[in-house]
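Inspection log for the structure reproduced underneath, given as structure tokens.
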Amino acid sequence: MESNIVKKVPPTVYYLPNFITSEEEKYLIDCVYEAPKPKWTNLAHRRLQNWGGLPHPKGMIPEPLPKWLETYLTKINTLGVFGDKTANHVLVNEYLSGQGIMPHEDGPLFYPTITTINLGSHILLDFYERLQEEGLDQRLGSNIQEPEASSFSRRHSASLLLEPRSLLIVKHDMYHNYLHGIKEVKEDVITDKVANLNSCEAEIGDVLKRNTRISLTIRHVPKTLRNKFIFSSMVR
């Protein structure tokens, strides 16, 4: 793990190229698209699936994870990135070419570590310094409406090139004090702002065209509920 630290950004970011094989990538993409139609949630600029439950400020009702995801949760857990906790939730995002997500922070619903397996296409993930007054309304959970772009002061700090089959881990200062987002463009120009370029195949000046990208964001949700009856009584 220590050899995969991205040194040109604040603590702590790990980037692991080729975390999975091409065969595993194809298998995971096939499983994503074989999911029942009701599993998809359509948003304005992407669509997503929640596995393991729906994160909620009052607590997540745990749901069994499909076997095709269990292997990769175990693989992430062996890295010890969640301390003495284990991953219990997967957010699957589908981004078509030209789609993205405005800068946001993941907020208090999750253990403060993001792990993401990247499938299908590259992406540039941009990081922005968060101003002191940017607080709860900038936090983005899967069940929270995305704020308007005008509410952000976008102070670009660095970008990370996430290649297909790679794993990204974000924690500590980079998790708490920076917003992250994806620009809505159909191609990315590689510049010296890409902090992990020494671990990638691309070079400065390359223009990379985006295709459909699937991301598997694997996290730990600390607050869970035992059953739906408890949840029902809490929201009345």
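All values below were derived from every heavy atom in this structure, side-chain atoms included, with hydrogens, water molecules and symmetry-related copies excluded.
Salt bridge present: Asp106 and Arg219 bring a charged side-chain N and a carboxylate O closer than 4.0 Å.
The closest side-chain heavy-atom distance from Phe110 to Tyr175 is below 4.5 Å. By the 4.5 Å heavy-atom criterion applied to side chains, Val81 and Ile76 are counted as neighbours. Contact annotation: the side chain of Leu73 approaches that of Leu65 to within less than 4.5 Å [non-hydrogen atoms, C-beta and beyond]. With a 4.5 Å cut-off on side-chain heavy atoms, Pro222 and Lys85 do not count as touching. Here the side chains of Ile117 and Ile20 are in contact, with some heavy-atom distance below 4.5 Å. Put simply, the side chain of Asn50 reaches to within 4.5 Å of the side chain of Leu91, judged on heavy atoms.
Atom CZ of Arg46 sits about 8.5 Å away from atom CD1 of Ile182, to the nearest 0.5 Å. The CZ atom of Arg47 sits 9.5 Å away from atom CD of Gln99, with the distance rounded to the nearest 0.5 Å. Taken to the nearest 0.5 Å, the CD atom of Glu23 stands 12.0 Å off from the CG atom of Leu28. Of the inter-residue distances, the one linking Leu161 atom CG with Tyr15 atom OH reads 5.5 Å to the nearest 0.5 angstrom. Rounding to the nearest 0.5 Å gives a distance of 5.0 Å between OG1 of Thr41 and CG of Leu48. Note that CG of Asp192 is 9.5 Å distant from CG of Leu197, once rounded to the nearest 0.5 Å.
Between Phe82 and His220, the ring-plane angle classifies as tilted under the 30° and 60° cut-offs. Ring pair Trp51/Trp68 is perpendicular by interplanar angle, where above 60° counts as perpendicular and below 30° as parallel.
A donor-acceptor pair shorter than 3.5 Å cannot be found between the side chains of Asn118 and Arg165. Between the side chains of Glu105 and Tyr178, not a single donor N or O lies within less than 3.5 Å of an accepting N or O.
Smallest separation of non-hydrogen atoms from Leu160 and Asn196: CA-OD1, 3.5 Å. Nearest approach of Glu163 to Ser199, heavy atoms of both residues: OE1-O, 3.9 Å. Of all heavy-atom pairs spanning Pro62 and Leu225, the tightest one is CD-O, 2.9 Å. Residues Ala158 and Val9 approach most closely at CB-CG1, 3.9 Å, considering heavy atoms. Closest heavy-atom contact between Met60 and Gly52: CE-O, 3.5 Å. Residues Ser215 and Tyr95 share a closest heavy-atom pair of OG-CE1, 4.2 Å.
Under a 3.5 Å cut-off, the side chain of Asp206 and the backbone N or O of Glu203 do form a donor-acceptor pair. In this structure a side-chain-to-backbone donor-acceptor pair under 3.5 Å is missing from Lys183 to Ile101. A donor-acceptor pair is defined here as one N or O able to donate and one able to accept, closer than 3.5 Å; no such pair exists between the side chain of Ser166 and the backbone of Leu162. Distance alone, capped at 3.5 Å, places no donor-acceptor pair between the Ser159 side chain and the Val194 backbone. Using a distance-only test at 3.5 Å, with no hydrogens or angles considered, a donor-acceptor pair links the side chain of His56 to the main chain of Lys58. Remark: the backbone N or O of Pro164 is not paired with any side-chain donor or acceptor of Glu25 at under 3.5 angstrom.
Residue Arg210 forms a side chain to side chain contact (heavy atoms under 4.5 Å, CB included) with just one option from His122, Glu187, Lys186, and that option is His122.
In terms of hydrophobic clustering, with Ile, Leu, Val, Met, Phe, Trp and Tyr side chains grouped at heavy-atom distances under 4.5 Å, Val90 and Tyr27 are assigned to a common cluster. Linking Ile, Leu, Val, Met, Phe, Trp and Tyr residues whenever their side-chain heavy atoms come within less than 4.5 Å places Leu216 and Phe19 in a single cluster. Hydrophobic cluster membership is shared by Leu119 and Leu69, with clusters built from Ile, Leu, Val, Met, Phe, Trp and Tyr side chains linked at under 4.5 angstrom. Note: the hydrophobic cluster containing Leu208 also contains Leu124 (ILVMFWY, side chain heavy atoms under 4.5 Å, direct or indirect links). Under the 4.5 Å side-chain heavy-atom criterion for Ile, Leu, Val, Met, Phe, Trp and Tyr, Met1 and Met174 are members of distinct hydrophobic clusters.
Within a 6.0 Å sphere centred on NZ of Lys171, other residues, nucleotides and ligands contribute more than 12 heavy atoms.
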Evaluation steps, side chain to side chain contact (heavy atoms under 4.5 Å, CB included), between Asn93 and Ile214: CA-CA 6 Å; Asn93 278 298; Ile214 300 290; over 6 Å; no
Between Ile114 and Thr217, is the side chain to side chain contact (heavy atoms under 4.5 Å, CB included) condition met? List the steps. CA-CA 7 Å; Ile114 303 169; Thr217 300; 3.9 Å; yes
Worked check of side chain to side chain contact (heavy atoms under 4.5 Å, CB included) between Leu167 and Thr116: CA-CA 6 Å; Leu167 173 69; Thr116 301; 5.7 Å; no
Is there a side chain to side chain donor-acceptor pair (under 3.5 Å) between Ser97 and Asn211? Walk through the geometry before answering. CA-CA 5 Å; Ser97 177; Asn211 295 307; over 6 Å; no
From CA spacing to verdict: ring-ring contact (aromatic ring centres under 6.0 Å, His included), His104, His180: CA-CA 6 Å; His104 64 280; His180 55 279; 4.3 Å; yes
Could you give me the CA-CA distance, side-chain angles and deciding distance for Val32 and Trp40, then say whether side chain to side chain contact (heavy atoms under 4.5 Å, CB included) is met? CA-CA 10 Å; Val32 167; Trp40 287 101; 3.8 Å; yes
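Taking the ring centre of Phe127 as origin, the terminal cationic atom of Lys193 falls outside the region bounded by 6.0 Å and 45° from the ring axis.
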